[in-house]
Each structure stands twice: as structure tokens, then as C-alpha cells.
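First the structure, in the form of C-alpha cells, and then the observations on it.
Model, not experiment: these values are computed from the prediction. Naming convention: chains lettered A, B, ... in sequence-line order (proteins, then strands); numbering from 1 in each chain. These values consider heavy atoms only, across backbone and side chains, with no hydrogens, waters or symmetry-generated copies.
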2 protein chains.
Amino acid sequence: MIVLLLCLQTNVLIMVNLLSNLKISVPDKIFIKDPESSDLGKRIIEHSILLIDEIGFDSFTFKKLGAKIGSNESSIYRYFESKHKLLLYLTSWYWAWIEYQMVFTTYNIPDKEKQLLKAIEVLTRTIEQDMTFSHINEIVLNRIIINEYSKSYLTKEVDSENKEGYFEVYKRLIKRLRDMISKLNSDYQYPASLASTILEGSLHQHFLKEHFSSITDCDESVTPTQFFTNLTLTLLNSTKNGR
Amino acid sequence: MIVLLLCLQTNVLIMVNLLSNLKISVPDKIFIKDPESSDLGKRIIEHSILLIDEIGFDSFTFKKLGAKIGSNESSIYRYFESKHKLLLYLTSWYWAWIEYQMVFTTYNIPDKEKQLLKAIEVLTRTIEQDMTFSHINEIVLNRIIINEYSKSYLTKEVDSENKEGYFEVYKRLIKRLRDMISKLNSDYQYPASLASTILEGSLHQHFLKEHFSSITDCDESVTPTQFFTNLTLTLLNSTKNGR
DNA sequence: CAAACATAATAGTAATACTATCATTTTTAA
DNA sequence: TTAAAAATGATAGTATTACTATTATGTTTG
């Protein structure tokens with residue numbers, strides 16, 4: 001047990017070190033000025049995460065954020081043209097961070113099934129450890145993704161924004177998962193739908209656990225990871241070799 | 001083929017007749033004044049569906065709706081205290097209508113598996129036939145559910161609104177599906193999570209089909225119904241009798 | 001036919017989601 | 001070192017939103 005904890009801790013430390021030299025890359029059309037390029041920019045990101053978590057995205061405004069960081073509304077508009085773009089930035093950052101973890105932790109696993117299970121774990125788990133390698137609090141950001149992510153694409157502008165590449169990171173992540181599914185069982189007919197269902201469904205189960213507990217089996221003892229691991233393994237094993 | 005079409009047609013007709021005597025019941029705390037009780041109320045519902053579909057819920061306002069139906073903003077406020085409550089009304093109505101169809105079409109099916117499959121079909125299919133038994137266009141309302149439903153519960157007020165009973169219809173529908181799952185296979189460990197995943201996941205696959213086709217297998221020839229039917233049957237058959 | 005009720009018209013408010021302009025401070029480059 | 005450039009701050013302004021309140025007008029019904 002202690003060994004396991006040490007391993008986990010070590011893994012986290014390795015990632016923190018790697019990431020402090022790496023920069024999570026977000027499509028640059030999302031922002032006017034890169035928030036990573038200045039102190040004010042970083043404060044905007046740091047405190048927008050905290051404020052959106054606190055009051056919800058719908059009540060969040062640049063004016064309130066300005067007040068919180070002792071800066072001016074008009075200065076924030078020099079980084080993001082709207083609060084919607086800021087949400088796109090935060091979600092792209094989050095998915096790029098998850099993608100990084102997924103690729104990193106599955107890279108050297110030769111067994112395809114174990115690899116897929118590890119990927120599902122990374123994608124569906126509750127974020128409990130703040131990597132603190134930066135100004136971004138990943139635990140809080142994870143809550144924002146659960147509560148607000150859908151709002152980033154459930155808009156009338158989704159098609160034009162998709163063409164601009166604003167959802168590339170998310171789609172790439174799902175395609176990686178889809179490819180792992182297909183590699184494990186090339187007979188399974190719906191790898192992309194399964195992959196997108198795992199990602200979106202996991203966010204949904206986390207939400208239900210908090211707010212509509214009567215329509216989920218997930219609670220303190222059962223995790224969305226267990227539900228989707230069981231689901232995926234059962235699906236892929238039973239269709240293997242035309243069984 | 002002709003017989004099948006006639007059967008479908010007949011079923012629809014039976015339902016239209018039944019429903020013209022029945023009233024879809026929506027929790028009455030959602031509205032100030034029942035929109036079914038007056039001509040203006042019905043016009044509010046009819047045209048709010050069309051206008052939300054046209055410009056999206058985010059751009060929708062009571063002022064614009066008033067202009068569209070030749071009525072006054074202030075009159076609409078006598079029916080609903082906010083556009084959020086109107087969305088809750090529309091979604092509750094929709095789920096109650098789906099629930100009615102599900103209960104109706106599965107009632108006399110003795111085979112549990114066939115019954116569950118029928119239920120999944122009703123819950124996940126594209127609405128293609130407008131029942132036109134009323135002022136409500138179900139095809140358009142279905143599109144609204146796909147594009148806007150999440151916004152009705154992804155709010156800071158979700159817990160208090162849940163206590164008020166605003167999501168009862170939706171939860172009841174999922175519980176019905178969960179019970180059918182459990183009846184078919186009592187060994188399966190996650191009947192509620194599977195049921196909620198089918199409902200939410202189906203809306204999501206319909207959305208992906210329209211806007212992010214690269215991360216779904218659903219298209220003109222593959223339906224969300226097929227994906228979730230295959231998924232459910234495989235899951236429930238493989239865990240049956242501890243297999 | 002009068003009271004009750006429904007709807008319409010108008011006005012008003014605080015907040016939102018910005019844009020524009022100009023002043024001040026900080027950084028950088030010659 | 002100093003001047004220009006860049007970043008930030010302060011202020012003001014606009015159209016719209018999401019309502020509330022009041023009063024007027026039309027319509028039903030007992």
C-alpha cells in the first residue's frame with residue numbers, strides 16, 4: 001500500500017517536472033492575447049476558474065472578475081473577446097492536460113487491454129490531486145468541466161467555431177480513445193460512439209452523483225470509472241472474434 | 001412493408017386519439033398560470049418552441065416572443081416568471097410525452113427483452129412524425145431537447161429546483177427504464193447508471209451526428225438506437241447468470 | 001350590467017456585454 | 001538614458017436584457 005502510494009506520488013512528481021518545462025497548448029485563435037504571456041493573463045486564468053466555480057458560468061462576468069483580481073474589465077477584454085471564448089480556453093486547456101496524462105501513462109503498456117483500462121481510468125476519474133505546477137487549480141477546473149462543459153458547444157455558433165478549430169483538442173482525445181478500442185477489438189462496430197459516450201457519460205455520472213443520486217449507481221463506493229470499465233470490457237470481450 | 005406502414009400509422013392514430021382526451025401533465029409549480037388554460041398560453045408554447053429552435057435558447061427573449069405572437073412581453077410574464085421556467089416547462093412536457101409513449105407501447109409485451117428493446121427504441125429514436133394533436137410540434141421540440149436540455153439543470157439552482165420537483169418527470173422516466181433493465185437481468189450491477197447513460201447519451205449522439213460527425217459512428221445508416229440497443233443487449237446477456 | 005378577470009401599453013430599473021477613448025505606467029530597444 | 005512602444009487603467013457610453021410596476025382597455029360571466 002505504501003509502495004503504491006509512493007509510486008503514485010512519484011508519477012505525479014515526474015509529471016509535474018515534465019509539465020513545468022512543457023506548455024499545455026491551446027488553439028491560438030481562442031484568445032486575442034496569450035494569457036500565459038503575462039502576469040495579468042495568468043491571474044485572469046487562475047481567478048476565472050475560482051470565480052466560475054463559485055458563482056457559476058451564467059453569473060460570471062468580466063466586471064466581477066476584474067474586481068476580484070484588482071484589475072479593469074477593459075484589460076480582460078484585451079485577452080478574450082467574450083466570456084464564451086474564455087470558457088473555450090479553459091476547456092481546451094483541461095482536455096489537453098487530460099490528453100497529456102493519458103498519452104503519458106499509457107505509453108509503455110504493451111497489453112492492449114491494460115492500456116485501454118488505464119486510459120479509461122485517466123479520462124473518467126475524479127481529479128483529487130492538484131498538480132500545482134502552475135496557477136491552474138485542476139481540482140476546481142474539473143468541477144467546471146462537469147458543470148459547464150456542455151455550454152461551450154450547445155450554441156448556435158457551434159459549426160462555425162468547430163471550423164475555426166476550437167474543439168480540436170477534445171475531438172483528438174476521443175479519437176485516441178476510439179483507436180485504442182479498435183485496436184483491442186477490431187470487430188466492434190461502434191468505437192467512436194463508445195469513446196464519445198465514455199467521455200461525456202463520465203462527466204454526466206459525476207454530475208448525477210452530486211445532484212440526482214436517485215438515477216445513478218455511482219456514489220462514494222462506486223465510481224464512474226468502474227461503471228465504464230465494466231461496460232467497455234464486457235462490450236469488447238463479448239464481440240471479440242465474432243462471439 | 002405497406003402493412004408495416006399501416007400499422008405504424010394506426011398506432012399513431014390511436015395515440016393521437018388517446019392524447020386528445022388526455023392532458024400531458026407538467027409539475028404545476030413550474031408555471032404561474034397554466035398555459036393550457038387559454039388561447040394566449042397555447043400560443044406562447046407553440047411559438048416559443050419555434051423561436052427557440054430558430055434563434056437558440058440563449059438569444060431567446062420574451063420580448064422577441066411577444067413580437068412574434070403579436071402580444072405583449074408583460075402578458076407572457078403572467079404565465080412564466082422567467083425564460084428558464086419556460087424551458088423547464090417544455091422539457092417536462094417533452095419527457096412526459098415520451099414517458100407516455102414508452103408506457104403505452106411496452107405495456108402488453110410479455111417478453112422482457114423485447115419490452116426493453118421497445119423502450120430503448122422509443123427513448124432514443126429521432127422524432128419524425130408530428131402527432132399534431134395539439135399546438136406542439138414534437139419534431140421541433142425534439143431538436144430543442146437535443147440542443148438545450150442540459151442547460152435546464154446545469155445551473156447553480158439545480159438542487160433547490162430539484163427539491164421543488166422540477167425534474168420529477170425526467171427522473172421517473174429513467175427509473176422506469178432502470179426497472180426494465182433490472183427485471184431482465186437482476187445480476188447487472190449498474191442499472192440506474194445504464195439507464196441515465198442511454199437517455200443522456202442518446203441525445204449526445206444525435207448532437208454529434210449533426211455537428212461533430214468525426215467522433216460518432218451514427219449517421220444516416222447507423223442510429224443511436226442501434227448503438228444503444230447493441231450496447232444494452234451485450235451488457236445484459238453477458239452478465240446474466242453470473243456468466 | 002357590473003364586477004372580475006385577462007390582456008395591452010407604457011415606463012422604469014439595474015445589470016450585462018460589450019466598444020471607444022484617453023491617461024498613465026511599464027517595458028524595451030536605440 | 002531616453003524615447004517610443006506596449007500594456008494597463010479609468011471613464012464613459014450604447015443597446016439589450018430581464019425583469020417589476022402601474023394604469024388602461026377589452027372581455028367574460030354571474
*Report yes if at least one side-chain N or O of A:Ser38 is closer than 4.0 Å to OP1 or OP2 of D:dA7; otherwise report no.*
no

*Check ion pair B:Glu210-B:Arg143 (N to O, under 4.0 angstrom)*: no

*Is the ring centre of A:Phe207 less than 6.0 Å from the ring centre of B:Tyr153?*
yes

*Short side-chain donor-acceptor distance under 3.5 Å, A:His135 and A:Glu36*: yes

*Would you kindly give the CD1-to-P distance between A:Ile76 and D:dA10, to the nearest whole Å?*
12 Å

*For A:Leu40 and D:dA7, give me the distance from atom CG to atom C1', rounded to whole Å.*
9 Å

*Can you name the nearest heavy-atom pair linking A:Glu161 to A:Leu88, along with the distance?*
OE1-CD1, 3.9 Å

*Aromatic ring centroids of B:Trp95 and B:Phe167 under 6.0 Å?*
no

*Think B:Ser71 has a side-chain N or O under 4.0 angstrom from the OP1 or OP2 of C:dT7?*
no

*Counting just side-chain N and O atoms, does B:Lys33 come under 4.0 Å of either OP1 or OP2 of C:dT7?*
yes

*Identify whether NZ of Lys or CZ of Arg in A:Lys171 sits under 6.0 Å from the centre of the six-membered ring of B:Phe212 and within 45° of that ring's axis.*
no

_Testing the basics here: between B:Val169 and B:Ala96, what is the closest heavy-atom pair and its distance to 0.1 Å?_
CG1-N, 3.3 Å

*Rounded to whole angstrom units, what separation is found between the CD1 atom of A:Ile32 and the C1' atom of C:dC18?*
12 Å

*What integer distance in Å separates A:Phe57:CZ from C:dT16:C1'?*
13 Å

*Atom CG of B:Asp39 and atom C1' of D:dT28: how far apart are they, to the nearest Å?*
15 Å

*Using 30° and 60° as the class limits, which term best fits the ring planes of B:Phe227 and A:Tyr190: parallel, tilted or perpendicular?*
perpendicular

*What string of B, S and - do you get for nucleotides 17-27 of chain D, 5' to 3', if B is base contact, S is sugar-phosphate-only contact and - is no contact with any protein heavy atom under 4.0 Å?*
SSBBB------

*May I have the distance from A:Ile55 (atom CD1) to C:dA15 (atom P), rounded to whole angstrom?*
13 Å

*asked:* Below 4.0 angstrom, which residues in residues 147-160 of chain B have at least one non-hydrogen atom near DNA chain C?
replied: none

_A:Tyr79 side chain near D:dT8 phosphate (N/O to OP1/OP2, under 4.0 Å)_ = yes

*Assess the side chains of A:Tyr89 and A:Ser48: does a donor N or O sit below 3.5 Å from an acceptor N or O?*
no

